[in-house]
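In this text the structure is predicted, and so the values were computed from the model without any measurement. The chain is numbered in sequence order, starting from 1.
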Amino acid sequence: EVQLVQSGGGLVQAGGSLRLSCAASGFTFDDYAIGWFRQAPGKEREGVSCTYNRPGSTYYADSVKGRFTISSDNAKNTVYLQMNSLKPEDTAVYYCAARRLPLGWSFYTDAHCYAFVRSGSWGQGTQVTVSS
């Protein structure tokens, strides 16, 4: 059974940092596209970052570019989202998602990556609150 278990998040002051974790069981990330999404109250879920195991294959939303970094620890089968210089507008529930890539699959745009991953498995979500 494919499962994603999230940890991290919490309350932080503006300018602070948090790291979110997304641990996989039942599969390895090597053959998967992984996305981080967030949903603020009253807003639609939006893509934050999307990555897959191809050269130059990480996308970031413009609103987080230069502040957020996605990384992975293959030994722990865990993907991380490091969030620096947090702003109150980053307040949201954050979700990770993953979906297995067909052989030779590539994405032309970040929208393609997000749309593909949305149909995969999801983590339970974790709250991030940034105070001003």
Side-chain angles (χ1 to χ4, degrees):
E1 181 183 359
V2 172
Q3 280 193 326
L4 296 173
V5 178
Q6 294 182 230
S7 60
L11 174 64
V12 65
Q13 287 189 333
S17 298
L18 286 172
R19 189 177 77 164
L20 307 183
S21 300
C22 178
S25 61
F27 69 99
T28 59
F29 281 122
D30 285 353
D31 298 324
Y32 278 70
I34 301 104
W36 284 97
F37 298 80
R38 67 185 181 186
Q39 189 166 18
K43 294 188 177 181
E44 293 187 353
R45 192 170 298 186
E46 63 174 355
V48 174
S49 181
C50 200
T51 189
Y52 61 107
N53 192 25
R54 302 290 186 273
S57 56
T58 300
Y59 301 104
Y60 294 98
D62 288 342
S63 58
V64 307
K65 206 169 290 184
R67 301 187 298 121
F68 290 13
T69 304
I70 195 169
S71 64
S72 64
D73 184 334
N74 290 339
K76 296 182 178 180
N77 212 27
T78 299
V79 173
Y80 304 98
L81 184 68
Q82 178 66 42
M83 306 184 295
N84 299 328
S85 302
L86 282 161
K87 305 174 181 180
E89 51 263 43
D90 294 319
T91 296
V93 178
Y94 284 71
Y95 300 87
C96 64
R99 184 178 173 188
R100 187 179 182 91
L101 283 164
L103 188 64
W105 193 269
S106 293
F107 301 106
Y108 293 104
T109 68
D110 56 346
H112 291 155
C113 191
Y114 293 128
F116 179 83
V117 174
R118 282 179 184 269
S119 298
S121 300
W122 287 81
Q124 80 277 17
T126 186
Q127 177 70 47
V128 170
T129 303
V130 184
S131 63
S132 56

**side chain to side chain contact (heavy atoms under 4.5 Å, CB included) partner of L18, chosen from T126, T129, V130, V128** = V128

**Request:** Report the C-alpha separation of E46 and R38 in whole Å, then their side-chain angles, then the decisive distance to 0.1 Å, and conclude whether the side chain to side chain contact (heavy atoms under 4.5 Å, CB included) test is met.
**Result:** CA-CA 6 Å; E46 63 174 355; R38 67 185 181 186; 2.6 Å; yes

**Asked** According to the ring pair (Phe, Tyr, Trp, His ring centres under 6.0 Å) rule, which pairs have a member within residues 19-46, sequence neighbours left out?
**Response** F27-F29, F27-Y32, F37-Y114, F37-W122

**Fill in**
Quick note, salt bridge (charged side-chain N to carboxylate O under 4.0 Å, His left out) partners involving residues 98-118, not counting sequence neighbours, are D31-R100

**Item:** Heavy-atom closest pair, residues Q127 and A92
**Value:** NE2-O, 3.4 Å

**Message:** With a 3.5 Å distance limit and no angle check, can you tell me whether R67 reaches the backbone of S85 through a side-chain donor-acceptor pair?
**Reply:** yes

**Message:** Over 60° means perpendicular and under 30° means parallel, so tell me whether F107 and Y52 are parallel, tilted or perpendicular.
**Reply:** perpendicular

**Asked** Under a 4.5 Å side-chain heavy-atom rule over Ile, Leu, Val, Met, Phe, Trp and Tyr, are L4 and V93 clustered together?
**Response** no

**Request:** Quick one: pull up OG in S17 and CG in L86 and give me the separation to the nearest 0.5 Å.
**Result:** 6.0 Å

**From CD (Q6) to OH (Y95), nearest 0.5 Å** = 8.5 Å

**Asked** Measuring from L11:CG to T91:OG1, what's the distance to the nearest 0.5 Å?
**Response** 8.5 Å

**Message:** Under a 3.5 Å distance rule, please check whether S132 uses its side chain to pair with a backbone N or O of P88 as donor and acceptor.
**Reply:** no

**Item:** Audit row: Y59, T51, side chain to side chain contact (heavy atoms under 4.5 Å, CB included) steps and yes/no
**Value:** CA-CA 6 Å; Y59 301 104; T51 189; over 6 Å; no

**Item:** D90 (side chain) donor-acceptor with K87 (main chain) under 3.5 angstrom
**Value:** yes

**Asked** In the single-linkage hydrophobic clustering (I, L, V, M, F, W, Y; side-chain heavy atoms under 4.5 Å), do Y60 and V79 co-cluster?
**Response** yes

**Message:** Let me check something: do L81 and V117 share a hydrophobic cluster, defined by ILVMFWY side-chain heavy atoms less than 4.5 Å apart, either directly or through other members?
**Reply:** no

**Message:** Given 3.5 Å as the limit, does a donor-acceptor pair link the side chain of T78 with the main chain of K76, or not?
**Reply:** yes

**Asked** Is there a path of hydrophobic side-chain contacts, each under 4.5 Å between heavy atoms of I, L, V, M, F, W or Y residues, that connects V5 with Y94?
**Response** no

**Asked** What is the distance from atom OG of S49 to atom CG of L20, rounded to the nearest 0.5 Å?
**Response** 11.5 Å

**Message:** As an exercise, state the distance from CD of E89 to NZ of K43, rounded to the nearest 0.5 Å.
**Reply:** 8.5 Å

**Message:** Assigning hydrophobic clusters by single linkage (Ile, Leu, Val, Met, Phe, Trp, Tyr; side-chain heavy-atom cutoff under 4.5 Å), is V64 placed with I70?
**Reply:** yes

**Side-chain donor/acceptor of N74 to backbone N/O of N77, under 3.5 Å** = no

**Request:** With rounding to the nearest 0.5 Å, note down the distance linking OG1 in T69 to OH in Y80.
**Result:** 14.5 Å

**Asked** Using 4.0 Å as the upper bound for N to carboxylate O, is an ion pair formed by D62 and K65?
**Response** yes

